[in-house]
Student: 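Got a structure for you, questions after.
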Amino acid sequence: MSGVRVVVMGVSGSGKSTVGQLVAEALGAGFVDGDDLHPAANVEKMRQGIPLTDEDREPWLRAVGRTLADAGPAGMVVACSALKRAYRDLIRSEAPGTFFAELDGGRDLLAQRMIRPGHFMPASLLDSQLATLEPLQPDEEGVRLDVAEPPADLVTAIVADVRSAVR
Ligand SMILES: Nc1ncnc2c1ncn2[C@@H]1O[C@H](COP(=O)(O)OP(=O)(O)OP(=O)(O)O)[C@@H](O)[C@H]1O
Ligand SMILES: O=C(O)[C@H](O)[C@@H](O)[C@H](O)[C@H](O)CO
């Protein structure tokens with residue numbers, strides 16, 4: 001039997017790695033940071049300040065979906081931007097039933113949170129991330145939350161929603 005499948009999604013700096021890890025701990029599930037599944041060429045492109053294309057993201061999204069699908073009974077949480085509806089459809093095609101927790105915030109707050117010494121993602125890519133983002137739609141299983149809230153509150157809300165969705 002497969003366990004819960006959760007993607008914590010949002011643009012760069014929205015907190016998906018931070019919150020995703022805590023959600024995984026709270027659910028007793030595994031955690032993978034989607035950034036670790038990117039082909040090296042994608043990371044290099046982002047480091048150079050060049051936005052990824054749909055074609056760049058396709059193999060990566062499949063890897064995200066397979067990571068969710070291959071999880072054991074404990075389940076899996078993946079932090080993945082999953083910016084477009086089509087990207088989430090691709091993930092769901094590999095891992096049906098995936099729950100998406102979207103972290104949304106205003107541009108200024110996100111820009112502040114992208115200032116992380118040593119991180120490959122330059123803050124200059126925030127506008128293309130926001131332009132690409134297609135928020136979760138009403139027919140998609142998931143929840144949208146405001147990243148101005150403290151991580152612990154976001155985790156409590158996501159865990160409650162995931163539990164009621166899989167019940
Ligand atoms: N809810 C929050 N409240 C305050 N600070 C937060 C919150 N969530 C994340 N942060 C901080 O914001 C920064 C960005 O968070 P994080 O790296 O988790 O984002 P991300 O979406 O995974 O970004 P990326 O995809 O670019 O790696 C980090 O310094 C993190 O500690
Ligand atoms: O789809 C994308 O453009 C990428 O996944 C980015 O969102 C980054 O990987 C991530 O946010 C790193 O900071």
Side-chain angles (χ1 to χ4, degrees), residues 6-26 29-68 76-92 94-95 98-136 140 142-161:
V6 179
V7 168
V8 180
M9 60 166 280
V11 300
S12 185
S14 60
K16 52 196 182 290
S17 308
T18 304
V19 172
Q21 180 121 40
L22 294 170
V23 168
E25 278 169 28
F31 175 74
V32 171
D33 195 326
D35 278 351
D36 296 334
L37 300 175
H38 271 301
N42 282 2
V43 175
E44 194 44 40
K45 223 173 155 176
M46 290 187 276
R47 196 190 305 281
Q48 290 176 17
I50 305 168
L52 300 181
T53 63
D54 290 353
E55 290 69 31
D56 293 328
R57 289 180 177 122
E58 204 257 0
W60 167 68
L61 292 162
R62 284 201 187 282
V64 168
R66 278 197 302 273
T67 299
L68 291 159
M76 177 61 70
V77 179
V78 179
C80 165
S81 50
L83 297 176
K84 291 188 186 179
R85 169 72 191 240
Y87 300 170
R88 299 188 291 274
D89 288 344
L90 207 163
I91 292 171
R92 279 186 288 256
E94 296 279 347
T98 296
F99 182 99
F100 287 84
E102 178 179 345
L103 302 178
D104 289 314
R107 192 188 175 288
D108 290 352
L109 182 57
L110 292 165
Q112 273 172 33
R113 291 200 184 158
M114 280 184 81
I115 302 168
R116 293 161 295 178
H119 197 290
F120 65 81
M121 190 76 173
S124 60
L125 279 177
L126 177 58
D127 287 327
S128 97
Q129 293 268 301
L130 289 168
T132 307
L133 177 66
E134 295 171 1
L136 219 50
E140 294 184 89
V143 61
R144 296 179 65 196
L145 297 163
D146 182 350
V147 300
E149 301 295 328
D153 292 0
L154 296 170
V155 172
T156 302
I158 293 169
V159 167
D161 281 351

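Atoms within each ligand, like the ligands themselves, are counted from 1 in listed order.
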Student: Considering only protein heavy atoms, which is closest to atom 30 (C) of ligand 1, and at what distance to one decimal place?
Tutor: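 Minimum-distance protein heavy atom for atom 30 (C) of ligand 1 reads T18 OG1, 3.6 Å.
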Student: When you measure from the heavy atoms of S14 to every atom of ligand 1, does any distance fall below 4.0 Å?
Tutor: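 Yes, that is the case, since the closest heavy atom of the residue is under 4.0 Å from the ligand.
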Student: Under a 4.0 angstrom heavy-atom cut-off, which atoms of ligand 1 come close to D35?
Tutor: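 Those qualifying, in numeric order: 27 (O).
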Student: Give the residue and atom name of whichever protein heavy atom lies nearest to atom 7 (C) of ligand 1, and the separation in Å to one decimal.
Tutor: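 Here the closest protein heavy atom is R113 NH1, 3.4 Å.
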Student: Within the side chain of Q129, is there an N or O that forms a donor-acceptor pair under 3.5 Å with the backbone of V11?
Tutor: no
Student: Could a heavy atom of M114 be found less than 4.0 Å from some atom of ligand 1?
Tutor: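 Flag not set, M114 not near ligand 1.
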Student: For atom 21 (O) of ligand 1, which candidate among S12, P150, G15 provides the closest heavy atom?
Tutor: G15
Student: Please round to the nearest 0.5 Å and tell me the distance separating atom CG of L110 and atom CG of L126.
Tutor: 5.5 Å
Student: What protein heavy atom sits nearest atom 24 (P) of ligand 1, and how far away is it?
Tutor: R116 NH1, 3.3 Å
Student: Run the side-chain hydrogen bond (donor to acceptor under 3.5 Å, both in side chains) test against E44 and tell me which residues pass, sequence neighbours left out.
Tutor: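 For E44 the side-chain hydrogen bond (donor to acceptor under 3.5 Å, both in side chains) partners, ignoring immediate neighbours, are R47, Q48.
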Student: Which is closest to atom 5 (O) of ligand 2 by heavy-atom distance: C80, S81, S12?
Tutor: S81
Student: What atoms in ligand 1 come closer than 4.0 Å to a heavy atom of V11?
Tutor: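 In order of number, 21 (O).
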Student: Can you tell me if G10 contacts ligand 1 (heavy atom of the residue under 4.0 Å from the ligand)?
Tutor: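 G10 does not count as a contact of ligand 1 under the 4.0 Å cut-off.
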Student: Nearest to atom 22 (O) of ligand 1, what protein heavy atom do you find, and at what distance?
Tutor: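 Its nearest protein heavy-atom neighbour is S17 OG, 2.5 Å.
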Student: Find all atoms of ligand 1 within a distance of less than 4.0 Å from any non-hydrogen atom belonging to L154, and give their numbers and elements.
Tutor: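 By the 4.0 Å cutoff, the relevant atoms are 1 (N).
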Student: Mind checking whether D33 contacts ligand 1 via backbone (N, CA, C, O), side chain (CB onward), both or neither, at a 4.0 Å heavy-atom cut-off?
Tutor: neither
Student: My understanding is that we take every heavy atom of each candidate and find the minimum distance to atom 9 (O) of ligand 2. Doing that for T53, V64, D35, V11, which one comes out nearest?
Tutor: D35
Student: For ligand 1, which atoms, with element, lie under 4.0 Å from some heavy atom of V147?
Tutor: 1 (N), 2 (C)
